[in-house]
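Computed from a predicted model, the values in this text were never measured in an experiment.
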There are 2 protein chains.
Amino acid sequence: MRHREGAWTIGRLAKTVGVTVETIRFYQRRGLVREPPRPPGGIRHYTPEDGARVRFIKSAQRLGFSLDEIRHLLRLDEGMQCDAAAKLAAQHLDGVRMRLQDLRRIETTLEILVEQCGQGKEKVACPLIMSLYGDKNYK
Amino acid sequence: MRHREGAWTIGRLAKTVGVTVETIRFYQRRGLVREPPRPPGGIRHYTPEDGARVRFIKSAQRLGFSLDEIRHLLRLDEGMQCDAAAKLAAQHLDGVRMRLQDLRRIETTLEILVEQCGQGKEKVACPLIMSLYGDKNYK
DNA sequence: GTTGACTCCGTACTTAAGTACGGCAGTAAG
DNA sequence: CTTACTGCCGTACTTAAGTACGGAGTCAAC
């Protein structure tokens with residue numbers, strides 16, 4: 001290995017952080033990961049900092065942030081703006097809570113319907129299907 | 001209005017159930033809504049049953065079913081297979097519960113991070129950002 | 001009997017977050 | 001020096017659930 005330590009190819013970077021090369025390139029097109037300068041007639045070299053950045057993206061994704069939100073967070077990081085980052089996270093949290101409410105409503109409804117169906121008085125129209133038709137004289 | 005009651009144009013159907021004409025056509029291409037026969041040199045006519053079907057689709061969507069799942073449910077409806085429908089709903093419910101778990105985990109993490117950021121000891125690196133970098137000596 | 005609205009049909013575009021492909025260039029090993 | 005990977009770059013495809021567009025045919029009203 002002739003290269004200096006801490007200088008990776010894109011393939012090495014991808015493998016190190018556990019994504020594919022194509023994903024790195026995609027993040028670059030999205031402006032989330034820099035494109036290191038390409039030496040004339042050579043290939044680009046990446047550093048562990050690039051790896052940290054990709055890992056940051058992946059962590060934020062596990063918290064449900066979109067790539068657009070993550071780009072925003074990364075810009076804030078560069079400026080060390082904790083308040084703004086917290087505000088963004090709080091907004092995202094609001095969205096999460098709304099999705100939670102939706103899912104809880106759905107969970108409750110489905111629980112009831114599945115249970116009603118399980119009561120197995122066949123011969124009667126399926127409660128689930130009836131409910132989806134709007135219940136009352138549905139056809 | 002020369003047409004028999006209960007015979008609608010696609011536009012009337014769409015307006016009645018609160019979707020666009022394009023959405024109806026899309027459901028037809030997906031096999032969720034029938035295409036009534038087209039009389040030679042005329043236009044297709046729809047019935048209130050078609051309306052009920054579209055409303056069924058929309059209700060199921062509110063419960064988070066995908067169009068593929070809904071097509072499945074509609075096939076079961078035709079055969080009056082309550083058990084199978086309930087099984088499908090139960091599987092869907094499992095998925096909903098998994099998404100709920102994910103979202104609850106995310107909610108908790110974000111709550112903690114937002115609160116830590118709010119403690120406002122500036123001068124220290126942002127807890128949110130640090131956490132996304134994986135916390136320990138991140139650069 | 002001609003407007004103007006509506007239908008029909010096919011095709012293409014949208015968003016999100018990638019994945020896949022293909023040709024050409026650079027690099028590593030023998 | 002040649003072989004076999006990689007890297008580079010542009011383009012196109014993927015899924016889900018639609019939305020948009022454009023031209024030609026129909027229908028209803030004046």
Side-chain N or O of A:K58 less than 4.0 angstrom from OP1 or OP2 on C:dG18?
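Checking A:K58 against C:dG18: at least one side-chain N or O falls below 4.0 Å of OP1 or OP2.
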Side-chain N,O (A:Y27) to OP1/OP2 (C:dG18) below 4.0 Å:
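For C:dG18, OP1/OP2 do have a side-chain N/O of A:Y27 under 4.0 Å.
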Please confirm whether the backbone N or O of [Y] pairs with a side-chain atom of [X], one donor and one acceptor, at under 3.5 Å?
X	Y	result
A:R38	A:G42	yes
B:Q119	B:Q116	no
B:R44	B:P36	yes

Please work out which residues in residues 95-106 of chain A have a non-hydrogen atom less than 4.0 Å from an atom of DNA chain D and list them by number.
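Contacts with DNA chain D under 4.0 Å: none.
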Where along residues 60-73 of chain B does a heavy atom fall under 4.0 Å from DNA chain D?
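Heavy-atom cutoff 4.0 Å gives B:Q61, B:S66, B:L67.
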Testing the basics here: between A:R71 and A:D68, what is the closest heavy-atom pair and its distance to 0.1 Å?
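The pair with the smallest heavy-atom distance is NH2-OD1, 2.6 Å.
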For residues B:E111 and A:R97, report the shortest heavy-atom separation together with the two atoms involved.
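Nearest pair, atom of B:E111 first, then A:R97: OE2-NH2, 2.6 Å.
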Indicate yes or no: at least one non-hydrogen side-chain atom of [X] is less than 4.5 angstrom from one of [Y].
X	Y	result
B:L132	A:L63	yes
A:T47	A:R34	yes
A:C126	A:S131	no
B:Y133	A:D77	yes
B:L100	A:E107	yes

Do NZ/NE/NH1/NH2 and the carboxylate oxygens of A:E69 and A:K87 come within less than 4.0 Å?
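No, no charged N to carboxylate O under 4.0 Å.
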Under 3.5 Å, which protein N or O atoms sit close to an N or O of nucleotides 4-8 of chain D? Give each pair with its distance.
from, atom 1, to, atom 2, distance (Å)
D:dG7, OP1, A:T9, OG1, 2.6
D:dG7, OP1, A:G11, N, 2.8
D:dC8, OP1, A:R44, N, 2.5
D:dC8, O3', A:R38, NH1, 2.8

Are B:Y27 and B:L76 co-members of a hydrophobic cluster defined by side-chain heavy atoms under 4.5 Å apart?
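No, it is not one cluster - the side chains of B:L76 and B:Y27 are not joined through contacts under 4.5 Å.
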Can you give me the bend angle of the helix from C:dG1-D:dC30 to C:dG30-D:dC1? Use the axis through the first five pairs and the one through the last five, nearest 10 degrees.
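Answer for the end axes of this duplex: 20°.
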Polar atom pairs between nucleotides 19-22 of chain D and protein, under 3.5 Å, N or O only, would you list them?
from, atom 1, to, atom 2, distance (Å)
D:dT19, OP2, B:T20, OG1, 3.4
D:dT19, OP2, B:T23, OG1, 2.8

Considering the options A:T108, A:T109, A:L110, A:V114, which one meets the side chain to side chain contact (heavy atoms under 4.5 Å, CB included) requirement together with A:I112?
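Per the side chain to side chain contact (heavy atoms under 4.5 Å, CB included) rule, the option paired with A:I112 is A:T108, out of A:T108, A:T109, A:L110, A:V114.
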List the residues meeting ring pair (Phe, Tyr, Trp, His ring centres under 6.0 Å) with B:F65, not counting sequence neighbours, and say none if there are none.
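B:H92.
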Can you work out whether B:R30 or A:E35 has the more 5'-proximal nearest nucleotide on DNA chain D?
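Between the two, 5'-proximity favours A:E35.
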Modelled atom types, side-chain donor and acceptor of A:R55 and A:S59, under 3.5 Å
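A:R55 vs A:S59: no donor-acceptor pair found between side chains.
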